[in-house]
*Asks:* 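So that we are looking at the same thing, I have put the structure below in C-alpha cells.
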There are 2 protein chains.
Amino acid sequence: MAARQLTIIFLTRAEENYIKTIFHLGGNKSQLISTNAIAEQMETKPSSVTDMAKKLAEKKLVNYIRYQGISLTGAGIKTALSIIRKHRLWEVFLVKKLDFTWDEVHEVAEQLEHIKSEKLIDRIDALLDYPKYDPHGDPIPTKNGEFLVRDKQLLSELAIPSSGVCVGVKDTSAAFLKFLDKNQIALGHEITVMEKEVFDDSLKIKIGERVLQISNQIATNLYVKTES
Amino acid sequence: MAARQLTIIFLTRAEENYIKTIFHLGGNKSQLISTNAIAEQMETKPSSVTDMAKKLAEKKLVNYIRYQGISLTGAGIKTALSIIRKHRLWEVFLVKKLDFTWDEVHEVAEQLEHIKSEKLIDRIDALLDYPKYDPHGDPIPTKNGEFLVRDKQLLSELAIPSSGVCVGVKDTSAAFLKFLDKNQIALGHEITVMEKEVFDDSLKIKIGERVLQISNQIATNLYVKTES
DNA sequence: ACATATTTTTAGATTTGTCTAAATTTTTAT
DNA sequence: ATAAAAATTTAGACAAATCTAAAAATATGT
Ligand SMILES: [Mn+2]
Ligand SMILES: [Mn+2]
Ligand SMILES: [Mn+2]
Ligand SMILES: [Mn+2]
C-alpha cells in the first residue's frame, strides 16, 4: 500500500492565525463562521477576512461559501490542531521550565506557535513528559491530532450546595488570572458552592478552610469538574 | 540624572536578518560592507540590499554611504549582538536540553532568534547556567552586549609539531559537522599536529591514541587554542 | 412584501520586501 | 587618460496582507 504523501504545505503566519481563529470560533467542519465574527476576533476588517478566505479556500484548508461563511476542511482542522498543540505545549514549557506565571505565557506562545520544526515540538513534548493540559486547563492535542475534551462545567452552573475541582478558566486575560492568584484560586483546588445570592447571582464558596464571596462574572469564567 | 530612555524599536524579521548579516561581514563600526557582499550572503539581489540600506539608515541602525557601503551604528551593533545572543543561546538549549545534534540546531535557531521576549531569553540563559559558548564554539554575547572573543587559531596555522585544544569550527555546515562526528573530532579534544604533507598541505594529526590524515580543507575549518 | 438595516464583497490604495532591467557611478586596465 | 568592466542605484513591477469607501447581497421588522 502506498504511504499517503503528506504534503507539507508552507503556511504564512497570517494564514496560520486565521486557521486557528476559525477553529476556536467553532469552524471545525459543521458550522459556517461569519466574516464579521472572524474579523472581530482577529481585530481586523471583514474585507481582509474575505481576501484571506479566498486564499485559504484555494489551498483547500477552508470551505468558503460567498455571503454564507467559512469552515475548516479536514486538512484545515489538522493544521489548526497542530498550531494549538504547539501553543499549549510552549505555554506549559514556559510555566514548568522557565517559571513564567500563567498570565505571562500567552503572548510569547503566540509567537512560538509559529516555529516550524516538528522535531522541536516533539522534543518539548517529551521534555515535559507529554502533558495533557496547558496552564489554563485547556487540553493539548497529541501529535496525531487526538484531542480529548474533558467534561467540565462552569462554577456558576453547579447545584447548590455541591462541589467540584477547579480544572480551567474560560477568560484567560491577565487581569482575570491575576485576580485568581490574588485570591488564591488555582487549578486543582476543590471548590464548594455554599450559597447563591439571588440579587446579583454572586456565590459564597469555600476553598479549603477559606470562605469567600465571588461575583457572577467570576463564577461564569471558572470551570469545575464534579465527582459524578 | 534622567535614566536614558531605551526606545524599544520594533524590527521586522527581514530587518533583523540584514543587521545580523552586516555584523557577521564585519560591519561593526569601522569598515564599510558592500551591497554585493550582503546580497551574496543573504542570497538576495543587490538592489534589494540598497532598498533595505535606506530603510535601516532611516532608523539610525546603519551608516549608509551611496556607492560606498554600509556599516552598523552603535544601536545597530547592540541590535546585532542581541540577535546573535538569542541565536546562540537557543542553539545551546537545543543541544543541552532537547538532544539536538550540533548540525541540526542552526536552522531552528534562525527562527527562534526572532522571538520577541527579553524575559524568555534571559530565563533560557539562566536555565542553561549562562553558557559562554554555543555548540560550534562561538562566544555568546551577554545581556549587556559584552562579547568575549577567545584567542584561537586555525589548525592549519599551527607550528609543526605542536598541539592545541579544539575550540571551534569555521564552517558550520551540516556536511562538515557530520564529517567531524564520523571521525570523532569534537570540541574539547586535544589535537596534535605531527606532520604536514608538502604536496597537498594535508596534516597527520593525533587525537588521543588515534592518528589520522586530514585534508587542508578540514584543517582550515577547525579552530584550536594553544597552551601558550 | 417591501423598506431599512446589516453583513459581505469588490475595487482601489498602501506598506513591506522582493525582483528585473536600465541607468549611473566607481573601479580597473590599457 | 580613457575605455571597458564591475558594482551600485533607480525605476517600475509584483505578491502578501492590510485598509477605506462603495456596491451588492442578505436579513429584519412591520
Ligand atoms: Mn494561550
Ligand atoms: Mn492556554
Ligand atoms: Mn547558527
Ligand atoms: Mn552556532
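In the text below, chain A, chain B and the rest are named by the order of the sequence lines, each starting its count at 1.
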*Asks:* Could you state the CD-C1' distance from B/Glu43 to C/dG17, rounded to the nearest angstrom?
*Replies:* 16 Å
*Asks:* Grab the CE-C1' distance between A/Met52 and D/dA16 for me, whole Å please.
*Replies:* 8 Å
*Asks:* Would you call B/Asp122-B/Arg85 a salt bridge at under 4.0 Å N-O?
*Replies:* yes
*Asks:* Carefully, step by step, assess B/Val49 and B/Tyr18 under the rule side chain to side chain contact (heavy atoms under 4.5 Å, CB included).
*Replies:* CA-CA 8 Å; B/Val49 176; B/Tyr18 273 96; 4.0 Å; yes
*Asks:* State whether A/Ser34 places a side-chain N or O below 4.0 Å from either non-bridging phosphate oxygen (OP1 or OP2) of C/dT7.
*Replies:*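 Checking C/dT7 against A/Ser34, no side-chain N or O comes under 4.0 Å of OP1 or OP2.
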*Asks:* Looking at the side chain of A/Ser48, which of D/dC19, C/dC19, D/dA7 is the nearest nucleotide?
*Replies:*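 Among the listed nucleotides, the one closest to the side chain of A/Ser48 is D/dC19.
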*Asks:* Specify the separation, in whole Å, of atom CD of A/Glu58 and atom C1' of D/dA17.
*Replies:* 16 Å
*Asks:* Within less than 4.0 Å of OP1 or OP2 of D/dT8, is there a side-chain N or O belonging to B/Asn36?
*Replies:*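 Result: yes.
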*Asks:* Which heavy atom of A/Tyr223 sits nearest a heavy atom of A/Leu154, and at what distance?
*Replies:*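 Closest heavy-atom pair between A/Tyr223 and A/Leu154: CE2-CD2, 3.4 Å.
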*Asks:* Any side-chain N or O of B/Tyr64 less than 4.0 Å from the OP1 or OP2 oxygen of D/dT8?
*Replies:* no
*Asks:* Figure out the CD1/C1' separation between B/Ile33 and D/dT8, and round it to whole Å.
*Replies:* 16 Å
*Asks:* Which atom pairs link the protein and nucleotides 12-15 of chain C when you take only N or O atoms and keep those under 3.5 Å?
*Replies:*
none

*Asks:* A/Phe100 ring centre to B/Arg123 NZ or CZ under 6.0 Å, with the angle to the axis within 45°?
*Replies:*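 B/Arg123 over A/Phe100 ring: yes.
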*Asks:* Listed by chain and number, what are the side chain to side chain contact (heavy atoms under 4.5 Å, CB included) partners of A/His114, not counting sequence neighbours?
*Replies:* A/Arg13, A/Glu16, A/Asn17
*Asks:* Any salt bridge between B/Lys119 and A/Glu104, counting N to O under 4.0 Å?
*Replies:*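 Counted as a salt bridge, because a side-chain N and a carboxylate O are separated by less than 4.0 Å.
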*Asks:* Between B/Ala14 and A/Pro46, who's closer to the 5' end of DNA chain C by nearest nucleotide?
*Replies:* A/Pro46
*Asks:* Is the distance from OP1 or OP2 of D/dT10 to the nearest side-chain N or O of B/Lys54 less than 4.0 Å?
*Replies:* yes
*Asks:* Whole angstroms only, please: what is the CD1-C1' distance between A/Ile65 and C/dT7?
*Replies:*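 Computing the A/Ile65:CD1 to C/dT7:C1' distance gives 16 Å.
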*Asks:* Establish whether the base of D/dT20 is bridged to the side chain of A/Ser47 by a donor-acceptor pair shorter than 3.5 Å.
*Replies:* yes
*Asks:* Using whole Å, report how far CZ of B/Arg13 lies from C1' of C/dT18.
*Replies:* 16 Å
*Asks:* Please determine whether a side-chain nitrogen or oxygen atom of A/Tyr18 lies at a distance below 4.0 Å from atom OP1 or OP2 of D/dT18.
*Replies:* yes
*Asks:* Is B/Lys20 salt-bridged to B/Glu113, going by a charged N under 4.0 Å from an acidic O?
*Replies:*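 Salt bridge: yes.
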*Asks:* What nucleotide among D/dA16, D/dT8, C/dT20 has an atom nearest to a side-chain atom of A/Thr12?
*Replies:*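 That would be D/dA16.
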*Asks:* Quickly work out the A/Phe10 CZ to D/dA16 C1' distance and round it to whole Å.
*Replies:* 11 Å
*Asks:* Taking only the side-chain heavy atoms of A/Thr50 (C-beta and beyond), determine which of D/dC19, C/dT10, D/dT10 contains the nearest atom.
*Replies:*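 Per side-chain heavy atoms of A/Thr50, the pick is C/dT10.
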*Asks:* If you measure only the distance, is there a donor-acceptor pair under 3.5 Å linking the side chains of B/Trp102 and B/Asp181?
*Replies:* yes
*Asks:* Look for any protein N or O under 3.5 Å of an N or O in nucleotides 24-27 of chain D and output each such pair with its distance, or none.
*Replies:*
from   : atom 1 : to      : atom 2 : distance (Å)
D/dA25 : O4'    : A/Tyr67 : OH     : 3.4

*Asks:* Atom CD of B/Glu40 and atom C1' of D/dT8: how far apart are they, to the nearest Å?
*Replies:* 15 Å
*Asks:* Would you say A/Lys55 reaches D/dA17's phosphate, i.e. side-chain N/O to OP1/OP2 under 4.0 Å?
*Replies:* yes
*Asks:* If you round to the nearest 0.5 Å, how far is OH of A/Tyr67 from OG1 of A/Thr50?
*Replies:* 9.0 Å
*Asks:* Looking at every non-hydrogen atom in both residues, tell me the closest pair between B/Ser215 and B/Ser202 and how far apart they are.
*Replies:* CA-CB, 4.1 Å
